[in-house]
Amino acid sequence: MNTNPQTRFTTNDYVFLLVAGVMFYLQNRLAPFPCNDDVVYQYIGGMGKHFEGVYEPITTFKDVIISQLYDYQHANGRFIVHVIVQCFSGLWGMASFQIVNAFVFMMLCMGMVKIVRLQFNSYPTDKYLIVFALFFLLPTPGALFAGTIAYAVNYLWTSCAVIWVIYLYQKLQRGMVFLSLPLKIAVFFGAAVVGSLQESFTIGVS
């Protein structure tokens with residue numbers, strides 16, 4: 001089995017990513033709620049019934065599923081991500097979302113660093129450059145990643161999931177990991193779920 005010890009994280013790597021995650025969380029706490037898409041996702045039907053003028057607030061997880069079954073047929077096909085969006089917007093609240101969102105941001109950074117190290121081995125500045133790029137070089141990062149729940153789940157969370165699928169794919173391609181048949185089946189279905197999250201990512205990856 002081939003190995004690449006350069007993809008392993010040091011204590012310094014973990015400490016830096018933790019600091020970056022805390023900074024991201026503090027920035028995310030400045031986001032107003034509800035605003036933009038988060039407003040309509042507090043109601044059954046989300047984008048779909050909003051346009052029909054029906055406003056029934058979500059009170060249970062069953063409401064979320066009913067809402068997204070309707071939305072899937074009348075607005076768009078992002079079922080899984082919008083179930084998550086509606087759960088946080090209508091049931092769990094912004095405070096809990098901001099904690100999970102910071103963790104997802106750290107996982108995205110970790111996945112990107114691992115892919116870079118898989119390709120080019122470890123460089124002392126790789127993690128700094130990646131976090132800097134995510135904070136300062138993306139268009140409107142405050143809206144995409146640390147703004148509304150809907151934007152963050154659609155773009156930050158999906159990009160995190162896609163990055164880790166790509167990382168696993170590259171390790172399999174290099175023969176660095178070997179999977180049993182049950183794990184291969186699990187990876188197949190897991191990749192299919194990730195592929196269903198957000199078409200603007202997964203069409204490009206395909």
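The analysis underlying the following values was restricted to heavy atoms, covering all of them including side chains, and did not include hydrogens, waters or symmetry mates.
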For this session: Please name all residues satisfying salt bridge (charged side-chain N to carboxylate O under 4.0 Å, His left out) with Asp37, sequence neighbours left out, ordered by chain then number.
Result: none
How many angstroms lie between [atom1] in [X] and [atom2] in [Y], if you round to the nearest 0.5 Å?
X      : Y      : atom1 : atom2 : value
Phe61  : Asp63  : CZ    : CG    : 10.5 Å
Ile44  : Ile66  : CD1   : CD1   : 6.5 Å
Ile149 : Asn36  : CD1   : CG    : 11.5 Å
Lys171 : Lys114 : NZ    : NZ    : 6.5 Å
Asp13  : Asp126 : CG    : CG    : 7.0 Å
His82  : Leu197 : NE2   : CG    : 10.5 Å

Cluster link [X] to [Y], ILVMFWY, side chain under 4.5 Å:
X      : Y      : answer
Ile115 : Leu137 : yes
Leu138 : Leu30  : no
Met110 : Phe120 : yes
Val40  : Trp92  : yes
Leu129 : Leu17  : no

Exercise. Going through the distances and angles, do Leu156 and Tyr151 end up as a side chain to side chain contact (heavy atoms under 4.5 Å, CB included)?
Worked result: CA-CA 8 Å; Leu156 171 59; Tyr151 278 27; over 6 Å; no
Locate the shortest heavy-atom distance separating [X] from [Y]; write the atom from each residue and the value.
X      : Y      : result
Gly21  : Ala102 : O-CB, 3.7 Å
Cys160 : Met107 : SG-CB, 3.7 Å
Gly147 : Ala31  : O-CB, 3.5 Å
Leu118 : Arg174 : O-NH2, 4.0 Å
Ala146 : Gln27  : CB-NE2, 4.2 Å
Gly93  : Ser96  : O-OG, 3.1 Å

Among all residues two or more places apart in sequence or in another chain, which pass the side chain to side chain contact (heavy atoms under 4.5 Å, CB included) test with [X]?
X      : result
Glu199 : Arg78, Ile203
Ser200 : Tyr155, Gln198
Val193 : Ile80
Met106 : Leu18, Phe103

Just jot down the ring pair (Phe, Tyr, Trp, His ring centres under 6.0 Å) partners of [X], sequence neighbours excluded, or say none.
X      : value
Tyr25  : none
Tyr14  : Phe9
Phe135 : Phe105
Tyr169 : none

Exercise. Going by the ring-ring contact (aromatic ring centres under 6.0 Å, His included) test, which pairs reach into residues 185-206, not counting sequence neighbours?
Worked result: none
Problem set entry | Within-4.5 Å side-chain heavy-atom neighbours: Leu134 and Phe24 | no
Taking only distance into account, with no hydrogens and no angle test, what donor-acceptor pairs under 3.5 Å do side-chain atoms of residues 83-91 form with protein atoms, sequence neighbours excluded?
residue: Gln86; atom: OE1; partner: Ser67; partner atom: OG; Å: 2.6
residue: Gln86; atom: OE1; partner: Gln68; partner atom: NE2; Å: 2.7
residue: Gln86; atom: NE2; partner: Tyr41; partner atom: O; Å: 3.0
residue: Gln86; atom: NE2; partner: Tyr43; partner atom: O; Å: 3.0
residue: Gln86; atom: NE2; partner: Ser67; partner atom: OG; Å: 3.2
residue: Ser89; atom: OG; partner: Val85; partner atom: O; Å: 2.9

Exercise. If you look only at pairs with a residue in residues 99-109, which of them pass as a side-chain hydrogen bond (donor to acceptor under 3.5 Å, both in side chains), with sequence neighbours excluded?
Worked result: Asn28-Asn101, Asn101-Trp157
